[in-house]
Structures are given as structure tokens and as C-alpha cells.
Amino acid sequence: MDKEIKLAGWVHRKRHHGGVIFIDLRDREGIVQVVVEEKTNPEAYEVADRLKPEYVIGVIGKVRKRPEGTENPKLKTGYVEVVADKILVFNTSEPLPFPVEEETPVSEETKLKYRYIDLRRESMKNNLIFRHKVYQITRNFFTNEGFIEIETPFLTKSTPEGARDFIVPSRLHPGKFYALPQSPQLFKQILMVAGFDKYFQIVKCFRDEDLRADRQPEFTQIDYEMSFVSEEDVMDVAERLVATLFKELLGIELKTPFERISYTEAMERYGTDKPDRRFGLELLELTEIFKNTAFKVFRSVVEAGGIIKAINFKGSNLSRKEIDEITKFVQSLGAKGLAWIKVEKDKLTSPILKFFSEEEKQKLLEKVKAEPGDVILFSADKKEMVYKILGNLRLHLGKKYNLIDESRWDIFWVVDFPLMEWDEEENRFVSLHHPFTMPREEDIPKLKQALEIEDLEEKKKLVHSVKARAYDLVLNGEEIGGGSIRIHRRDIQEVVFKLLGIGEVEAQEKFGFLLEALKYGAPPHGGLAFGLDRLVAIMLGLDSIRDVIAFPKTQRGICPLTNAPDYVEPKQLKELHIKVVE
RNA sequence: GGAGCGGUAGUUCAGCCCGGUCAGAACGCCGGCCUGUCAAGCCGGAGGUCGCGGGUUCAAAUCCCGUCCGCUCCGCCA
């Protein structure tokens, strides 16, 4: 108190009363009120009079207690103020395109174009500081656990499988390209072969796919890998890291070990492998009840091997208008329509009721535990379609009708994934996780056996029964991490490649270095990667990861700040041996 | 590749259905007044290619077609 201090920052607001001027001076730490009186300091008053919002100034003055009755409890510094002796203007500012205070929202494009102003906003600033703390806690955690942080290259090799690569032309090698890594997957496995039995990295990854609220073309992973471990060891590290972050940053004690549910259970009950379990509306299985129904739509689905499931939206009393809206929603997902039954006090209302027998009605109502006010929403289609439609519908209803318990942190593992699934479009098996995932020990013979089978349906059946030693971590209905025990034996890796339709020549060309490495004493190993952006966003209760990334891209992959991507000079193209066609 | 929502003043929005006193509000900005405010207050003022292009019409922010941009979702994202 009463000591002379020097401050610097931005003019957040100015309140001019004629004779006395108040300036809210803002820096990274917060806001403090500077006061200038004409009577006692005409020189500083003169300067203050000309200040405008966002001018960058220095203030030399004395801190004092505010006069009684003028304190502002809304400010951390609201009980003191700085009496300016001298005010220096370091820089002026034109009127801002949008205000730093956050009362009015601003469109995403404007925010990103003037990101340096957006980042002056309290919430954005806090998000980035929070993210910084996540980095620090993560690094400390892994260091204390004996992990070594090692950087892996960004200029690397394009590999098949997975997402589309961003590619970088090579000047020194005409016609050749580097690819930006989709993840450090292969490098961290090779680090295991190298004997760094505990590795971690906070690292950028790049995937050239369409964007979403939770997807950016470049994003950050917390990546780690360990040797001589089982699933339990890898999951234990993940649980302790997440628990540490929650405790230190949010003061929340998460119960460990986290719950586990199987992939099959997740799909059957929620229609997705990353369910939001903070509300009900679970999927109910009805195929058996309707397998001989007179209702043609249902019966033909069952006959074609499809399934019938429903959601009972309990007590919703949906109106026709609401049901129409829901119908539109499921149609946008590819449903042909929506069958529904409204349960009223003494009757059922539904356009499809007349097709059902008494027995079917009885069994149905029993199965869905129908009560007056309920509305039953059906989906009958191929299994994948039913899961997609009802899984998305469930989420849609949960959000729209505010069923989600936002106070809950629901974190759990999804395990027992199938190793591969059949891809209709590509007409081959594809990895659910990635091609380096270890199958369950007892399933390895099945893979070898499957290679011999000619009949496709039979082959599918066998392959689908093979489970992966993989695990996904789900938080509030979002996948925040995933990993697996990897294949460390060359013979198993070769079988997997073969089943995936990656021929020996291609395997050698694309992954030869990995197969080679597996020959020279590769230890058993496994790991996991967290989506750091998603984790931070969820912890902060934000819907979009753009709000935890300093300079994100728009949905079309554009950076409005720099206007990237952009054309380059013909000279640059020439050096890179690139010709642009069209 | 597909579906939905949006684009009007510096910002956030209303107006659009039903074409014609519909170029509007708030905040911000500019000028003035004001000695205890803190989203200060009061008085006055300036500010628009209604995203862009085409069409319908006597007349288009408003209706139609196309297109661009932003957002959300499906596909895609091992």
C-alpha cells in the first residue's frame, strides 16, 4: 500500500466523469482500476482523457484502498485502486471489430480472423491457461512414472489404412512425397524395439478428413507406449493420469479403476461405441417379438437378417408435430421412416397398430414397460443401420429434451472390440482400431484358420468372432482416448496384413521397416493415445475443440487469420516439381 | 459427396411467411456535458453493395434458381 508501482496493459474500459477518469487496466492476470483526477494531476488527466479502449499503456502510481462505499466486489482487485502519477501511451488502437468483453457472441469466422482479439477475452484466455496446466501436469506425471519424452518426425512416410494423409512434396526427390503423421504409432512401436520401454509425447497429428466440432485437421495427442505390459498396466497409467488431471484442475475425485463395458454391450444398449450414459433411453431388443408379425415392413427386415429395436421415450407425451420432427431427423440419417406408438391412458395410438396381433402388442408393452405418456420409437433395418439411427436418435432426444445430467462425469472403458469388420464398400476386412493391434491370444488360431476358408460368409463369421486387445476411454459420450496391445511378432503381423488384403509386396513397401524391426528382438508392448483437445474441451464443458486451440481452422479447413491454405509462387512449384492441373 | 440452420450498420440481431413509408433496434463509434464510477449516466450525430450472380415482377432484403462463406450432423475420421 502506498508504494509506487508500475503497471502495463490494455485499456479495458474508461469511465469519464469530467474531472475524474476511471480506467480499467487489463493484463493477463486480470483487471485493476486506475483513477486520475484533474485537480490533483492535470498532466496525467490530459493523457487519460485521450485514451480509448485497447490502447496499450503504462501506469506509474500508488495503490490505495478505495474510499468507503466505492468498492467493487465483482473484481478481484475491487477493494483497491491505483492513483496514477503518470500515464504512458505505448500504442493506440483502432476501434475493435468486436468487443473484448463477452456479453455479445461473435461469429466463428470473425473470431478466427481476429483471433488475437478473441484471445484477449477472459474465457478464451482461461481456456489456453487451463490447457497449459494440462501439459504441465501430464509431463510431470509421465516423468514421475519413469517415461521418456521423445519427439518423432513430422516429415514421414505415407501409409495405407486409416485417414487420408496430408502430403508434402520433396524438392530433393522429384515426384516423391513425405506425409504428415496421422499419429506417431509406428515410431513409438519402434522406440519400444529400441528399448525405450516407457515413452510419451505430447504431439501434433494430422488427418485430412472432413471436420467436426470435435475434429480438426491438426490436433494434439498425449501419446504413450510401454514394453512388457498387459492391458491392465496401460489402462492403469491412463486412469491415474486422468484422475490426477481431474483432481488437480477441477478438484474432482474420479473413482478408479474406471468401469468397463464391452463393445457389444455398448452397441446393443446405446447403438454406439462411445455412449453418453448420463441419461436413459436405452435401446430395447424386439426382433424376437416381431419375427412372425403380419406387419410386412418388420417381417421382411427380420427375414433379411435385420433387427428391430426401439426406444421408449418415457413420459414424453410427444405431439404429432414433435414426432414429425423426430421422423425428419431419423430420415436425415438414412431411415426410410419412423414407426411409433403412443401409449395413452386407455388406448394406444399409432398408424401401425392395426398390423399387430394382440399377443405382439402384449409382449411389446411388457418388454418396453409401457405406461401412459410413453412414446415408443422403432427402428427396423440392418443391424448397423438400427444402431446408427437409434444411437443418434437417443443422443438427439437427450440433448433436445435436456435429459443429460450435466453434473455427472461419466468415464469408462469400452473393451472387447472386434479386431476387424467387413467393409462393404471396399469389399474387404478393415481394422477397427489399427492393423498393429494384437488379437486375443486364444483367437490367433482363428485368424490363421480364416485365411484358409473360401466361403465368404463363413469367413466373416469367424473373423468377426476375433476380439482385439484394444480399449477406448469414453468421457461423457466422447472418445477421449484409445489404445491397444500391439503385435510384436512378425508372423502374427503378417497374418493380419494378409486378412486385411495387404499383400506381401505392399506390406513390404509400406511397412517393411516395421516388419524388419519386429525381427530383431521386439518386446511385447502396448500403449494409448488421448485426444488432448477433446479432453480439455470436455473438462471445461465446451462443445467445440476450437475453443481450446489458439489458432484453429474452420469447417472447410481454412485459417481465416492467415488465409491458409493459399496459392504459392510458380517458382516454388517448379522447385518442387509440381504442376497444378485444372 | 449428402442433409439442416444461418449470412441485413463495426458487433449481435429484428424485418423475410403475406413483395410496395422496412433500411430498423441494441451495443459500439464520433461530438458535447458530467468529480466516485465500475456493462457509468445524459444530450446530439454519423454509419448499410440486405454475402455474391442471375431470374420473376411495374416494384425484391422479402419469391425462384445458382453460387460462395460460417456452423451442426451423416458419410469419412485405423
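Naming convention: chains lettered A, B, ... in sequence-line order (proteins, then strands); numbering from 1 in each chain.
- Atom CD of Gln555(A) and atom C1' of rG6(B) are 13 Å apart (whole Å).
- Both distances falling under 3.5 Å, in either a Watson-Crick or a G-U wobble arrangement, occur for no nucleotide opposite rG19(B).
- Going from atom CZ of Phe329(A) over to atom P of rG4(B) covers 14 Å, rounded to whole Å.
- Counting non-hydrogen atoms of other residues, nucleotides and ligands closer than 6.0 Å to CG of Asp566(A) gives a total above 12.
- Residues satisfying the side-chain hydrogen bond (donor to acceptor under 3.5 Å, both in side chains) test with Glu494(A), not counting sequence neighbours, are Arg490(A).
- By the 30° and 60° cut-offs, the orientation of the rings of Phe511(A) relative to Phe497(A) is parallel.
- The partner of rC38(B), taking Watson-Crick or G-U wobble pairs whose two distances both stay under 3.5 Å, does not exist in any strand shown.
- Following rounding to the nearest Å, Lys274(A) (NZ) and rC73(B) (C1') show an atom-to-atom distance of 11 Å.
- Using a 3.5 Å distance cut-off with no hydrogens or angles, the side chains of Gln201(A) and Thr152(A) do pair a donor with an acceptor.
- Rounded to a whole Å, the NZ atom of Lys553(A) is 13 Å from the P atom of rC71(B).
- Within the nucleic acid shown, Gln331(A) has no heavy atom closer than 4.0 Å to any nucleic acid atom.
- Residue-level contact check: Leu432(A) touches the backbone only, with heavy atoms under 4.0 Å from sugar-phosphate atoms and none from bases.
- Partner assigned to rC63(B) is rG55(B), using Watson-Crick or G-U wobble distances below 3.5 angstrom.
- Arg13(A) meets the side-chain hydrogen bond (donor to acceptor under 3.5 Å, both in side chains) test with Glu101(A); sequence neighbours excluded.
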Restricting both atoms to N or O, compile the protein contacts to nucleotides 8-10 of chain B shorter than 3.5 Å, with distance only.
residue: rG10(B); atom: O2'; partner: Pro97(A); partner atom: O; Å: 2.7

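- Residue Pro560(A) is classed as having no contact, given no heavy-atom separation below 4.0 Å to the nucleic acid.
- Using modelled atom types and a 3.5 Å distance limit, the side chains of Tyr199(A) and Asp223(A) yield a donor-acceptor pair.
- The partner of rG4(B) is rC71(B), by the rule that a Watson-Crick or G-U pair needs both atom distances under 3.5 Å.
- Comparing the P positions of rC64(B) and rU56(B) gives a spacing of 15 Å, expressed to the nearest Å.
- Taking all atoms of both residues into account, the shortest heavy-atom contact from Asn41(A) to Asp85(A) is ND2-O, 2.7 Å.
- Counting to the nearest Å, the C1' atom of rC73(B) and the CG atom of Asp543(A) are 14 Å from each other.
- Atom name P, nucleotides rG47(B) and rG1(B): the rounded distance is 44 Å, in whole Å.
- Across all strands shown, Ser183(A) has heavy atoms under 4.0 Å from base atoms, whether or not it also approaches the sugar-phosphate.
- Checked against side-chain hydrogen bond (donor to acceptor under 3.5 Å, both in side chains), Gln182(A) has the following partners two or more places apart in sequence or in another chain: Asp165(A).
- When each of rC30(B), rA3(B), rG75(B) is scored by its nearest atom to the side-chain atoms of Lys52(A), the top-ranked nucleotide is rC30(B).
- For the pair Leu51(A) CG and rC29(B) C1', the computed distance is 17 Å after rounding to whole Å.
- Listed by residue number, Lys388(A), Asn392(A) are the residues of residues 380-403 of chain A with a heavy-atom contact under 4.0 Å to RNA chain B.
- Comparing the P positions of rG19(B) and rU8(B) gives a spacing of 23 Å, expressed to the nearest Å.
- Between the side chains of Gln185(A) and Gln189(A), a donor-acceptor pair is found at a separation under 3.5 Å.
- For Phe219(A), the ring-ring contact (aromatic ring centres under 6.0 Å, His included) test picks out no residue, with sequence neighbours left out.
- Nucleotides rC58(B) and rC71(B) are separated by 41 Å at their P atoms, to the nearest Å.
- Searching all strands for a Watson-Crick or G-U wobble partner of rG47(B) with both distances below 3.5 Å returns nothing.
- Taking atom CZ of residue Arg212(A) and atom P of nucleotide rC77(B), one finds them 11 Å apart after rounding to whole Å.
- Aromatic ring pairs are classed by plane angle as parallel below 30°, tilted from 30° to 60° and perpendicular above 60°; the pair Tyr114(A) and Tyr116(A) is perpendicular.
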Discussion item. So if I define the base as every atom that isn't primed, P, OP1 or OP2, how would nucleotides 36-41 of chain B read as a B/S/- string at a heavy-atom cutoff under 4.0 Å?
Written reply: BBBBB-
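- By the ring-ring contact (aromatic ring centres under 6.0 Å, His included) test, Phe279(A) is found to be paired with no residue, residues two or more places apart in sequence or in another chain being considered.
- Taking only side-chain nitrogens and oxygens, Arg556(A) never comes nearer than 4.0 Å to OP1 or OP2 of rC71(B).
- Partners of Phe417(A) by ring-ring contact (aromatic ring centres under 6.0 Å, His included), not counting sequence neighbours, listed by chain and number: Tyr263(A).
- By the side-chain hydrogen bond (donor to acceptor under 3.5 Å, both in side chains) test, Thr70(A) is found to be paired with no residue, residues two or more places apart in sequence or in another chain being considered.
- One can place CD of Glu426(A) at 15 Å from P of rG75(B), the figure rounded to the nearest angstrom.
- With both pairing distances under 3.5 Å, rG28(B) is matched to nothing as a Watson-Crick or G-U wobble pair.
- Nucleotides rC22(B) and rA61(B) place their P atoms 14 Å apart, quoted to the nearest Å.
- Taking a cutoff of 4.0 Å between a charged side-chain nitrogen and a carboxylate oxygen, Lys388(A) and Glu384(A) do not qualify as a salt bridge.
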Below 3.5 Å between N/O atoms, which protein atoms pair up with nucleotides 12-14 of chain B? Just atom names and distances, please.
residue: rU12(B); atom: OP1; partner: Ser107(A); partner atom: N; Å: 2.6

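- Donor-acceptor pairing under 3.5 Å, judged by distance alone, is present between the side chain of Arg215(A) and the base of rC77(B).
- For Tyr401(A), the ring-ring contact (aromatic ring centres under 6.0 Å, His included) partners two or more places apart in sequence, or in a different chain, are Phe313(A).
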